[in-house]
Amino acid sequence: MKPIFTILFLTISLHALAQDADYYRKIYTRPIGEKPYNTESLLKKFGDVKVRDRWYLGVSGFVRNDKNTIDNDFDELIGTESPTVSAWGVTAGWVFREQWNVELAYDRSAIHNVLMIYGDNPLKYQMENDKNSLILRGKTRLLFGKPSVRKSAFWISAGAGLVPNSGRLKDYMEFSGYREKRRRLGVDTLFMSSDTRIAKSMTGLVEASAEYVIKVAKSIDMSLFARKQWGMGNSLTTDLVYKVNGVETEHARIEGDGSGWNFGISLRYVFHIHYDFSNLNHNSGKI
């Protein structure tokens, strides 16, 4: 009986191997001793391969200039200016067929008010909000070559964002001085107060931007960008009161909504790439 079982087992095994050999057909061959194909070797062998989509995380550093407005200068006693400061942010994005990009950004970037007090010894005070903003951007690539191929290129975008505000009292300052009236009439006592507050409700912003994205490596991109932002609501307000001899004579307000320019650089790590190999011909020896 034992030889019979052995013969049956060998017959079944050979039949199974024959089925496997018939089912698992070679699509391509490589010389003996060479490493098997992987994504990188395919890209080198066949050149530009289309990308279906990819995901990335990034970090950016930039300088921003935001414009303040003032409605009264107290006969040129006070004024304001647009400060230029550094800021940073983080991003996460999805790119579809190397033509469309959706990006979510968190920027640690302040909106400022600047109070300038002119005189023999000019004074400058810079106030800022809570520094937080969330921005959603939609981007499109300017096509000057093959679509769906990952390469260095220009992108343009539009976005909208929210600026959370805490409603806190930020800075309160008082200033006093003296001014000669006329000869023999004595002097006037001058007093000015500055009260800066962050808005109680959330404000917004919209933006337009242009950037040049450079493919540095398989998993690294670098972006050089310029953005123009417009504030939707005042995130920071500074109210000023001017008194002469204890009597209020004038009021002024400095407002900051975040309108201005951003210029910076971003590094992005691509943690997932989905390639599209459908254009490669299997029957002609290509993969």
Side-chain angles (χ1 to χ4, degrees), residues 55-70 80-95 100-115 124-140 154-171 195-213 221-239 253-271:
W55 293 84
Y56 65 83
L57 297 173
V59 60
S60 59
F62 54 95
V63 293
R64 63 166 291 145
N65 176 273
D66 56 316
K67 185 178 180 180
N68 310 148
T69 60
I70 187 170
T80 189
E81 66 177 19
S82 299
T84 299
V85 297
S86 60
W88 61 272
V90 293
T91 59
W94 176 64
V95 183
W100 305 98
N101 182 194
V102 177
E103 181 178 272
L104 180 64
Y106 165 75
D107 286 346
R108 185 67 175 168
S109 173
I111 296 173
H112 300 85
N113 275 356
V114 175
L115 170 62
K124 176 181 177 180
Y125 299 92
Q126 183 167 294
M127 290 73 72
E128 59 187 30
N129 74 338
D130 298 313
K131 300 184 179 181
N132 302 313
S133 62
L134 291 170
I135 305 170
L136 181 65
R137 302 184 179 105
K139 306 181 182 182
T140 183
F154 284 100
W155 293 73
I156 57 175
S157 72
L162 298 174
V163 181
N165 296 299
S166 63
R168 293 187 296 115
L169 172 64
K170 188 65 179 177
D171 295 284
D195 186 6
T196 301
R197 292 180 180 273
I198 299 172
K200 294 181 179 180
S201 59
M202 190 175 296
T203 55
L205 58 86
V206 294
E207 70 170 31
S209 66
E211 61 182 320
Y212 185 64
V213 180
D221 284 346
M222 181 175 69
S223 167
L224 305 174
F225 62 83
R227 299 187 183 119
K228 173 62 176 176
Q229 295 182 327
W230 296 270
M232 309 294 288
N234 293 313
S235 177
L236 196 64
T237 303
T238 300
D239 289 305
R253 172 171 284 189
I254 302 174
E255 296 176 334
D257 61 8
S259 297
W261 285 92
N262 295 355
F263 299 94
I265 185 172
S266 175
L267 288 177
R268 300 165 184 169
Y269 170 67
V270 181
F271 62 87

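Model, not experiment: these values are computed from the prediction.
- Taken to the nearest 0.5 Å, the CG atom of Leu169 stands 5.5 Å off from the CG atom of Asp195.
- Between the CG atom of Asn68 and the OG1 atom of Thr238 there is a distance of 8.0 Å, given to the nearest 0.5 Å.
- Atom OG of residue Ser60 and atom CG of residue Asn262 lie 9.0 Å apart, to the nearest 0.5 angstrom.
- Closest non-hydrogen pair, Arg64 versus Gly258, comes out as NH2-O, 3.1 Å.
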(request) Would you please test Leu115 and Ile70 for side chain to side chain contact (heavy atoms under 4.5 Å, CB included) and show each step? (result) CA-CA 9 Å; Leu115 170 62; Ile70 187 170; 5.7 Å; no
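- When the shell of 6.0 Å around CH2 of Trp100 is examined, it contains 12 or fewer heavy atoms from other residues, nucleotides or ligands.
- Considering only heavy atoms from C-beta on, Val213 comes within 4.5 Å of Arg268 through its side chain.
- Counting non-hydrogen atoms of neighbouring residues, nucleotides and ligands closer than 6.0 angstrom, the OH atom of Tyr212 exceeds 12 such neighbours.
- Phe263 is not listed as a side-chain neighbour of Thr84, based on a closest heavy-atom distance of 4.5 Å or more.
- Rounding to the nearest 0.5 angstrom, the gap separating the CG atom in Asn234 from the OG1 atom in Thr69 is 6.5 Å.
- For Asp221, the salt bridge (charged side-chain N to carboxylate O under 4.0 Å, His left out) criterion is met by Arg54, Arg150, not counting sequence neighbours.
- No more than 12 heavy atoms of other residues, nucleotides or ligands lie within 6.0 Å of NZ in Lys67, so this atom counts as exposed by the packing criterion.
- Between the side chain of Ser259 and the main chain of Gly231, a donor-acceptor pair closer than 3.5 Å is present.
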(request) Any chance you could lay out the side chain to side chain contact (heavy atoms under 4.5 Å, CB included) test for Asn113 and Thr80, step after step, and finish with the verdict? (result) CA-CA 8 Å; Asn113 275 356; Thr80 189; over 6 Å; no
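- You'll find the side chain of Ser223 stays beyond 4.5 Å of the side chain of Trp155, heavy atoms only.
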Using a 3.5 Å cut-off and no angle test, enumerate the donor-acceptor pairs between side-chain atoms of residues 125-133 and protein atoms at least two apart in sequence or in another chain.
{"unit_1": "Glu128", "atom_1": "OE2", "unit_2": "Lys131", "atom_2": "NZ", "d": "3.2"}
{"unit_1": "Asn129", "atom_1": "OD1", "unit_2": "Ile111", "atom_2": "N", "d": "2.9"}
{"unit_1": "Asn129", "atom_1": "OD1", "unit_2": "Lys131", "atom_2": "N", "d": "3.1"}
{"unit_1": "Asn129", "atom_1": "ND2", "unit_2": "Ser235", "atom_2": "OG", "d": "3.0"}
{"unit_1": "Asp130", "atom_1": "OD1", "unit_2": "Ser166", "atom_2": "OG", "d": "3.3"}
{"unit_1": "Asp130", "atom_1": "OD1", "unit_2": "Arg168", "atom_2": "NH2", "d": "3.0"}
{"unit_1": "Asp130", "atom_1": "OD2", "unit_2": "Ser166", "atom_2": "N", "d": "3.0"}
{"unit_1": "Asp130", "atom_1": "OD2", "unit_2": "Ser166", "atom_2": "OG", "d": "3.0"}
{"unit_1": "Asn132", "atom_1": "OD1", "unit_2": "Tyr106", "atom_2": "OH", "d": "2.7"}
{"unit_1": "Asn132", "atom_1": "OD1", "unit_2": "Arg108", "atom_2": "NH1", "d": "2.7"}
{"unit_1": "Asn132", "atom_1": "ND2", "unit_2": "Asp130", "atom_2": "O", "d": "3.4"}

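- The backbone N or O of Trp261 lies less than 3.5 Å from no partner atom in the side chain of Asn65, so there is not a single donor-acceptor pair.
- Between Val114 and Lys124 there is a side-chain heavy-atom pair separated by less than 4.5 Å.
- Note that CD of Glu103 and OG of Ser266 are 7.0 Å apart. Values are rounded to the nearest 0.5 Å.
- For the pair Arg227 and Phe225, the cation sits on the ring face: its NZ or CZ lies under 6.0 Å from the ring centre, inside 45° of the axis.
- Atom CZ of residue Arg253 and atom OG1 of residue Thr237 lie 5.5 Å apart, to the nearest 0.5 angstrom.
- Contact of the Thr91 side chain with the Tyr56 side chain is registered, since non-hydrogen atoms from C-beta on lie closer than 4.5 Å.
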List the atom pairs, donor and acceptor, that lie under 3.5 Å between side-chain atoms in residues 197-208 and the rest of the protein, sequence neighbours left out.
{"unit_1": "Thr203", "atom_1": "OG1", "unit_2": "Asn165", "atom_2": "ND2", "d": "3.2"}
{"unit_1": "Glu207", "atom_1": "OE1", "unit_2": "Gln229", "atom_2": "NE2", "d": "2.9"}
{"unit_1": "Glu207", "atom_1": "OE2", "unit_2": "Arg137", "atom_2": "NE", "d": "2.3"}

